[in-house]
Student: 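Got a structure for you, questions after.
Side-chain atoms are counted along with the backbone in the values below, which use heavy atoms only and exclude waters and symmetry mates. In what follows, residues are counted from 1 in the order of the sequence shown.
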Amino acid sequence: MLKVNEYGERQAKGNEKNLCFKGWETLVKYIEYYDIPPARYATASSVINVVTKTLEKGYSFGLKTRDAFSTGFSDDEFYLSITQGKSKFDLSYDFSLRDYKDVVNSRSYEYTKGVDNYIDKSSGKEKFGYINQDISVKYAYIPNMKSIFQISFEPNILWEHSKSIQNGVYGVLGHKDDITRKSHENIHTFNPSLDLYFDRQFDDKNNLAVNINTATFGTHSTSYEDEEISNGTVPYVDDMRLMNRKNSIIGEIDYSHRFANIKLNTGYRTEFSHSRSNLNNLSGQDVYSTNQSQHYLYAELVGGKGKLMYKANVGVTTLRINSPLASHSEIMFTPKAELGYNVSNNTSLRFEFTSNPIIPSLNMLSSNVTMLTRDIYKKGNPHLKNGQDTRVTLILNHYSKYIDFMMKTTYSYQSKAIYQYFYTDNNDLILGYKNCKHVNSYGGFVMLQYKPFGNDLLSFSLVGAPQMEKVYNEDDVNKIFSVDNLFDIDFNYKNFNAHYHLVIPVYTANGSFKSSTENNNDFTASYRVNNWKFSASVFFIGKDAKYITKTNSSSFVNYNEERRIKDNHSMFAIGVEYNFNAGKNKSFTRRLNNRDTDSPTF
């Protein structure tokens, strides 16, 4: 054996072999030449083993922007990743802007108050939008791929705003006043979070993961609305100020052990949160606070034999909620099971059973009262109970050269499901929350992709998701049937890509309300040159973006709202993307990812 230095200056004696490493000589640590090969290379006459240096540095950089020039529409992303030895530093910034100024909004409420039938109907111009900024700073220490420590700081900054002037009518049917309604709203939310993650692979059989996440939500909301009748008087003014503050901490530990053919995962997750709000509006001033704690203990077995795969999870969740108006605690059993079978190399069946708690959000539990209209209040319900969502799902997957097919059928039974509805209380009209008796949902999902040439040159995709939902209350049943859908065409040739996306809008259920899906009709073409990618898109071709929300026929209040965003009509956008990578890039997959997303914006 002879070691040769990284420049290849020495020669192996005997067979007079010359070694040359032009262009990558700096990557060579040393070279081993074996006249008599080791046992693992016994069939070779001689072996040259090139031992390279560990790449200790790496860089990744990228930016992406997509902007429309006819209206306020912008999506921008930036990321930077640096690997230095055993450390990895990541920085990313996402910016989204919407600023629509040509919007038509119409809304109407029809209801009975006392013995009189009222109507409150208006329509007019609206301006609205938002600026959302997601910042992420991460540092990871990776001495080897068996041990990982990561710390992340991720602040989110959101500003939402709207302003409108509408003309309409208000009053008892047969005696209505012409009105002009003016309103504006601003919501500022700051949500920083700090995340710690540790993962340790002790050996091939044992692994430990720990995750701690702390978050703070600070929300400042102001809204103003007045109504002026034709004689110049202003009978209704609502000037609202709302301050919300929420602090939370989530911790989870997960341990896994691999036996011969079975993997055992055991873990514990806990969450604590405190929220406090200060509200001042037409109905008065109110200070509300609540504390919530949640504990989840679980054990999971994962295994398989031959074509069979199985997973069984047993979990117990305890929940406690304390507020000045109500306190309650509950223990919930949350089992999960999965059974899979590979019928062939390209066809599989999977059966899933899940039972998850339905936990009311802080907004749902709040006692804060806000004004929807002159006669209708909106409030939470501190007495809401936890529900349970139990569902079974059967999934069939089939893949081939020309056709990809997936079919899913699902049945769901939700006990004590929570939904929003209109009701009366001491002659007041209120939009609030309650636990219904139960909800039955029958549904499915079908995805079909056809590749006529057996490759990615051209593909047609069709997705349909039929669903029937029945909401059972004390005295009635609300039903709604919908078929959510989309149709895509993809064309890829060398560096060129074209994509067409179409959605036929349908109504989907949400308690006593139903809302239309987005009426997408979009086309995008892109071309890639080295590290660059250029794209052009047209959104909502030939139509306005339209959104409709209305109540079911059994609702106490007949509500209907339609918003048309004319700015989106055939909106043209240009996109530019650049990505650069060099050297080493240490990457890993986290086993635990916890984040509080329950923002207390009432």
Student: Using a 4.5 Å cut-off on heavy atoms from C-beta on, say whether the side chain of T65 contacts that of D67.
Tutor: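 Yes; the side chains approach each other to less than 4.5 Å.
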Student: Which value, rounded to the nearest 0.5 Å, describes the distance between R276 atom CZ and S289 atom OG?
Tutor: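 Rounded to the nearest 0.5 Å, the CZ-OG separation comes out at 6.0 Å.
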Student: Mind checking side chain to side chain donor-acceptor pair (under 3.5 Å) for Y578 and listing every partner two or more places apart, or none if nothing turns up?
Tutor: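 Applying side chain to side chain donor-acceptor pair (under 3.5 Å) to Y578 gives none.
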Student: Is the shortest heavy-atom distance from the side chain of V210 to the side chain of Y197 under 4.5 Å?
Tutor: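 V210 vs Y197: side chains apart.
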Student: Any chance the side chains of T219 and N244 put a donor and an acceptor closer than 3.5 Å?
Tutor: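 Side-chain D/A pair, T219 to N244: absent.
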Student: So which heavy atom on M364 is nearest to which on P360, and how close?
Tutor: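 Taking every non-hydrogen atom into account, SD-CA, 3.9 Å.
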Student: Locate the shortest heavy-atom distance separating F333 from G315; write the atom from each residue and the value.
Tutor: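 Closest heavy-atom pair between F333 and G315: CD1-O, 3.4 Å.
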Student: Yes or no on side-chain contact (heavy atoms from CB on, under 4.5 Å) for N132 and N156, after CA distance, side-chain angles and deciding distance?
Tutor: CA-CA 7 Å; N132 185 55; N156 170 260; 3.0 Å; yes
Student: Does any N or O in the side chain of N144 come within less than 3.5 Å of the main-chain N or O of K146, such that one atom is a donor and the other an acceptor?
Tutor: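 Pair found, side chain donor or acceptor close to backbone of K146.
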Student: Under a 3.5 Å threshold, yes or no: a donor from one side chain and an acceptor from the other, between S400 and N346?
Tutor: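 There is no such pair (donor and acceptor under 3.5 Å, judged by atom type) between the side chains of S400 and N346.
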Student: Does a side-chain heavy-atom distance below 4.5 Å link N278 with Y288?
Tutor: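 Answer no - side chains too far apart.
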Student: Using modelled atom types and a 3.5 Å cut-off, is there a donor and acceptor pairing between side-chain atoms of E518 and backbone atoms of N520?
Tutor: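 Absent.
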Student: Decide yes or no on ring pair (Phe, Tyr, Trp, His ring centres under 6.0 Å) for F61 and F78, but give the supporting numbers first.
Tutor: CA-CA 8 Å; F61 168 79; F78 162 83; 5.6 Å; yes
Student: So, using side-chain contact (heavy atoms from CB on, under 4.5 Å) as the criterion, who are the partners of L308 when residues are at least two apart?
Tutor: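 Per chain and number, L308 pairs via side-chain contact (heavy atoms from CB on, under 4.5 Å) with L339, Y341.
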Student: With F190 as reference, evaluate T216, I157, L158 under the side-chain contact (heavy atoms from CB on, under 4.5 Å) test and give the passing residue.
Tutor: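 Option passing the side-chain contact (heavy atoms from CB on, under 4.5 Å) with F190: I157.
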Student: Would you compute the distance between atom OG of S96 and atom CG of D134 and round it to the nearest 0.5 angstrom?
Tutor: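 Interatomic distance, S96 OG to D134 CG, rounded to 0.5 Å: 7.5 Å.
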Student: So, E330 and T318: side-chain donor and acceptor under 3.5 Å apart, yes or no?
Tutor: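 Absent: no donor and acceptor within the cut-off.
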Student: Quick one: OG on S136 to CG on L91, what's the gap to the nearest 0.5 Å?
Tutor: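 Reported to 0.5 Å precision, the distance equals 7.5 Å.
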Student: Report the C-alpha separation of V316 and I331 in whole Å, then their side-chain angles, then the decisive distance to 0.1 Å, and conclude whether the side-chain contact (heavy atoms from CB on, under 4.5 Å) test is met.
Tutor: CA-CA 7 Å; V316 177; I331 299 177; 3.8 Å; yes
Student: Do any pairs count as a salt bridge (Lys or Arg N to Asp or Glu O under 4.0 Å) and have a residue in residues 72-84, sequence neighbours left out, and if so which ones?
Tutor: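 Applying salt bridge (Lys or Arg N to Asp or Glu O under 4.0 Å) to every pair that reaches into residues 72-84, excluding sequence neighbours, yields R66-D75, D75-R98.
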Student: Does some side-chain heavy atom of D404 sit less than 4.5 Å from a side-chain heavy atom of H398?
Tutor: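 No - every pair of side-chain heavy atoms lies 4.5 Å or more apart.
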Student: Okay, side chain of N342, backbone of S344: is any donor-acceptor separation there less than 3.5 Å?
Tutor: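 Not a single qualifying donor-acceptor pair exists.
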Student: Classify the side-chain pair Y139/Q150 by whether it contains a donor and acceptor separated by less than 3.5 Å.
Tutor: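 Judged by distance alone, the side chains do not pair up.
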Student: Which value, rounded to the nearest 0.5 Å, describes the distance between D490 atom CG and S461 atom OG?
Tutor: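 D490 CG to S461 OG: 6.5 Å, rounded to 0.5 Å.
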Student: Decide yes or no on side-chain hydrogen bond (donor to acceptor under 3.5 Å, both in side chains) for T334 and N356, but give the supporting numbers first.
Tutor: CA-CA 6 Å; T334 53; N356 295 311; 6.0 Å; no
Student: Is there a donor-acceptor pair under 3.5 Å between the side chain of N497 and the backbone N or O of A525?
Tutor: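 Here the side-chain-to-backbone pair does not exist.
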Student: Looking at G304 and Y310, what are the two nearest heavy atoms and their distance?
Tutor: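 In terms of heavy atoms, the two residues are closest at N-CE2, 3.6 Å.
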Student: I'd like to check T393 versus K408 (side-chain heavy atoms, cut-off strictly below 4.5 Å). Are they in contact?
Tutor: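 Side chain of T393 against side chain of K408, heavy atoms only: contact under 4.5 Å found.
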Student: Is there a side-chain contact (heavy atoms from CB on, under 4.5 Å) between T409 and Y411? Walk through the geometry before answering.
Tutor: CA-CA 7 Å; T409 59; Y411 169 72; over 6 Å; no
Student: For residues 345-364, which residue pairs qualify under salt bridge (Lys or Arg N to Asp or Glu O under 4.0 Å), counting only residues two or more places apart or in two chains?
Tutor: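 For residues 345-364: E338-R350, R350-E352.
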Student: Checking side-chain polar atoms at under 3.5 Å, does T524 have a donor or acceptor matched by the opposite partner on S537?
Tutor: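 S537 and T524 do have a side-chain donor-acceptor pair below 3.5 Å.
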Student: Answer yes or no: are there more than 12 heavy-atom neighbours, outside N261 itself, under 6.0 Å from its atom CG?
Tutor: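 No, the 6.0 Å shell around CG holds no more than 12 heavy atoms from other groups.
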Student: So, N495 side chain and R528 main chain: donor-acceptor pair closer than 3.5 Å or not?
Tutor: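 Present.
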Student: Would you confirm whether N530, through its side chain, and W532, through its main-chain N or O, come within 3.5 Å as a donor-acceptor pair?
Tutor: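 Pair absent, no side-chain N/O of N530 close to backbone of W532.
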Student: Can you tell me which residue among N593, L592, I253 is in a side-chain contact (heavy atoms from CB on, under 4.5 Å) with N211?
Tutor: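 Option passing the side-chain contact (heavy atoms from CB on, under 4.5 Å) with N211: L592.
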Student: Just jot down the side-chain contact (heavy atoms from CB on, under 4.5 Å) partners of A337, sequence neighbours excluded, or say none.
Tutor: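 Partners of A337 under the side-chain contact (heavy atoms from CB on, under 4.5 Å) test: F353.
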Student: Check this for me: K451, atom NZ, are more than 12 non-hydrogen atoms of other residues, nucleotides or ligands nearer than 6.0 Å?
Tutor: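 Enclosed: over 12 neighbouring heavy atoms sit under 6.0 Å from NZ of K451.
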Student: Does either side chain, that of D522 or that of H501, offer a donor lying less than 3.5 Å from an acceptor on the other one?
Tutor: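 No, no side-chain donor-acceptor contact under 3.5 Å.
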Student: Does any donor atom in the side chain of H161 or N186 lie under 3.5 Å from an acceptor atom in the other side chain?
Tutor: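 Absent: no donor and acceptor within the cut-off.
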Student: Counting heavy atoms not belonging to N345, are there more than 12 under 6.0 Å from its CG?
Tutor: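 Open.
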Student: Once rounded to the nearest 0.5 Å, what's the spacing between atom CG of L448 and atom CE of M406?
Tutor: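 The CG atom of L448 sits 11.5 Å away from the CE atom of M406.
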Student: Could you walk me through whether D389 and S412 satisfy the side-chain contact (heavy atoms from CB on, under 4.5 Å) test, starting with their C-alpha distance in whole Å, then the side-chain angles of each, then the deciding distance to 0.1 Å, before giving a yes or no?
Tutor: CA-CA 7 Å; D389 182 2; S412 170; 2.8 Å; yes
Student: Minimum heavy-atom separation for R245 to G218, with atom names?
Tutor: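 R245 and G218 have their closest heavy atoms at NH1-CA, 3.9 Å.
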Student: Between R590 and D195, is a salt bridge (charged side-chain N to carboxylate O under 4.0 Å, His left out) present by the stated rule, with each step listed?
Tutor: CA-CA 12 Å; R590 288 179 49 153; D195 185 274; 3.0 Å; yes
Student: Without placing hydrogens or testing angles, list every side-chain donor-acceptor pair under 3.5 Å for residues 290-301, not counting sequence neighbours.
Tutor:
unit_1 : atom_1 : unit_2 : atom_2 : d
T290   : OG1    : N322   : O      : 3.1
N291   : OD1    : H274   : ND1    : 2.6
H295   : ND1    : Y268   : OH     : 2.8
H295   : ND1    : T270   : OG1    : 3.1
Y298   : OH     : E252   : OE2    : 2.8
Y298   : OH     : D254   : OD2    : 3.0
E300   : OE1    : N265   : ND2    : 3.0

Student: Do the side chains of R269 and I250 get nearer than 4.5 Å, heavy atoms only?
Tutor: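 Heavy-atom side-chain distance check passes, below 4.5 Å.
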Student: Of all the heavy-atom pairs spanning K86 and P143, show the shortest one and how long it is.
Tutor: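 Closest approach of K86 to P143: CD-CA, 3.8 Å.
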Student: Taking the side chain as every heavy atom from C-beta outward, state whether E154 and K138 have any pair of such atoms under 4.5 Å apart.
Tutor: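 Result yes, sub-4.5 Å side-chain heavy-atom pair found.
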Student: Are any non-hydrogen side-chain atoms of L365 and L384 less than 4.5 angstrom apart?
Tutor: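 Yes, close enough: below the 4.5 Å cut-off.
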Student: Between the side chains of E577 and N579, is a donor N or O closer than 3.5 angstrom to an acceptor N or O?
Tutor: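 Looking only at side-chain atoms, N579 and E577 do form a donor-acceptor pair, the distance falling under 3.5 Å.
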Student: From N492 CG over to S459 OG, what is the distance, rounded to the nearest 0.5 angstrom?
Tutor: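 Going from CG on N492 over to OG on S459, the span is 7.0 Å.
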Student: Give me the atom names and distance for the closest heavy-atom approach of A465 to F445.
Tutor: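 Between these two residues, the closest heavy atoms are CB-CD1, 4.2 Å.
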